[in-house]
Amino acid sequence: SHNLCLLVTYELFDETEIVATIREPCEESYQKIAIGIQSLHRQLIIHRDLKIQNIFMSDLTENARIRIGDLGSAKMLTSLTEKTSFRIGTPGFMAPEVMQDSPYSFSCDVWSLGCIMHTMLFATCPFWHDDRQERKRLVCDTSLKLDFDSNQCAGTLSSACRNFLI
């Protein structure tokens, strides 16, 4: 029997504070989030609603402990090959296969991880649009191109962060 338990004892921070804090130590922060997702996947759990608001930090320093929260949409699979197709998640962070009502598995969390990374570094959600149909088109039919020149946040990234992305 598997039991999920979530205990949140962290302070609440504004999303902009989190983005500002974890932009520069991006490799370490990103690695911590990826390890957390990997831990869920090893237990056959798909989070299905990964987004910047579900990343909890112990404090706003470089050494902050980072935790993944809000497992209310999570799904426990019975095998590595099992798929699900229920559409659930947050617009702007949902993978194409989820938006298209196609069967999916752990890949939806990997997609969301990329969206989180983009949000952390550029302070914008990569596929956001107010119109639902346009947002779906952006996610399902376009390639994301990182534009370091036109984004004001990108101009302040260190060479280590840029190299991490390339």
Side-chain angles (χ1 to χ4, degrees), residues 1-130 132 135-136 138-140 144 161 164-165:
S1 172
H2 296 277
N3 295 315
L4 296 178
C5 180
L6 176 65
L7 175 63
V8 178
T9 60
Y10 287 30
E11 292 182 51
L12 295 177
F13 299 105
D14 181 87
E15 178 180 335
T16 56
E17 291 177 291
I18 293 172
V19 169
T21 300
I22 58 183
R23 279 189 68 234
E24 262 320 301
C26 66
E27 291 179 69
E28 186 176 324
S29 300
Y30 190 69
Q31 183 179 36
K32 288 177 183 179
I33 297 167
I35 289 169
I37 294 169
Q38 181 183 42
S39 177
L40 288 173
H41 290 178
R42 283 186 177 152
Q43 297 175 65
L44 302 178
I45 299 169
I46 309 172
H47 189 286
R48 303 195 305 179
D49 194 24
L50 287 169
K51 56 188 172 183
I52 196 84
Q53 295 90 340
N54 287 339
I55 305 300
F56 298 105
M57 299 176 65
S58 59
D59 55 61
L60 295 177
T61 68
E62 279 185 29
N63 300 318
R65 289 177 311 223
I66 298 176
R67 302 289 186 257
I68 298 169
D70 189 2
L71 294 167
S73 300
K75 165 105 173 148
M76 182 170 280
L77 303 178
T78 57
S79 74
L80 288 171
T81 58
E82 181 184 358
K83 295 192 182 282
T84 188
S85 59
F86 187 76
R87 184 189 287 198
I88 194 164
T90 298
F93 293 88
M94 287 171 51
E97 57 269 31
V98 177
M99 295 188 85
Q100 294 171 331
D101 296 318
S102 298
Y104 64 88
S105 185
F106 304 105
S107 62
C108 70
D109 286 348
V110 176
W111 174 274
S112 298
L113 179 61
C115 293
I116 289 169
M117 184 63 175
H118 186 281
T119 304
M120 286 167 48
L121 294 174
F122 296 100
T124 62
C125 186
F127 298 103
W128 182 256
H129 196 281
D130 288 333
R132 287 177 45 184
R135 187 170 52 238
K136 183 176 181 179
L138 288 172
V139 169
C140 299
L144 179 65
C161 269
F164 179 71
L165 295 170

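For this chain, numbers begin at 1 and follow the sequence in order.
Within the model, atoms CD of Gln38 and CD of Gln31 stand 10.0 Å from one another, a figure rounded to the nearest 0.5 Å. Considering CD1 of Ile52 and SG of Cys115, their distance stands at 11.0 Å, rounded to 0.5 Å. Taken from CD1 in Ile45 to CE in Met76, the straight-line distance is 4.0 Å, to the nearest 0.5 Å. With rounding to the nearest 0.5 angstrom, the CD1 atom of Ile46 is 8.0 Å from the OG atom of Ser107.
At a threshold of 4.5 Å between non-hydrogen side-chain atoms, the residues Leu71 and Asn54 do not count as touching.
Heavy atoms only, all atoms of each residue included: Ala34 and Leu113 are closest at CB-CD2, 4.0 Å. When all heavy atoms of Ala95 and Cys108 are compared, the pair lying nearest together is CB-CA, 3.8 Å. What you find for Gly36 and Ile68 is that their closest heavy atoms are C-CD1, 3.6 Å. The two residues Ile55 and Ile66 come nearest to each other via the heavy atoms CG2-CG2, 3.4 Å.
Applying the side-chain contact (heavy atoms from CB on, under 4.5 Å) rule to Ser102 yields the partners Glu97, Gln100; only residues at least two apart in sequence or on another chain are considered. With sequence neighbours left out, Lys75 forms a side-chain contact (heavy atoms from CB on, under 4.5 Å) with Arg48, Leu77, Glu82, Thr84. Listed by chain and residue number, Arg87 satisfy the salt bridge (Lys or Arg N to Asp or Glu O under 4.0 Å) test with Asp101 (two or more places apart in sequence, or in another chain). Thr90 meets the side chain to side chain donor-acceptor pair (under 3.5 Å) test with Asp49, Lys51; sequence neighbours excluded.
When each of Val139, Val98, Ile116 is checked for a side chain to side chain contact (heavy atoms under 4.5 Å, CB included) with Trp111, only Val139 meets the rule.
Sorted by first and then second residue, the salt bridge (Lys or Arg N to Asp or Glu O under 4.0 Å) pairs with a member in residues 116-125 form an empty list; sequence neighbours excluded. For residues 65-106, the ring pair (Phe, Tyr, Trp, His ring centres under 6.0 Å) pairs, not counting sequence neighbours, are His41-Phe106. Within the structure, salt bridge (Lys or Arg N to Asp or Glu O under 4.0 Å) pairs that include any residue of residues 109-127 do not occur (at least two apart or interchain).
Proximity of a side-chain donor or acceptor of Ser39 to a complementary backbone N or O of Ile35 within less than 3.5 Å is not detected. With hydrogens and angles disregarded, no donor-acceptor distance shorter than 3.5 Å links the side chain of Arg135 to the backbone of Trp128. Without hydrogens or angle criteria, His47 side chain to Gly69 main chain gives a donor-acceptor distance under 3.5 Å.
Side chains of Ser79 and Thr81: a donor on one and an acceptor on the other come within 3.5 Å.
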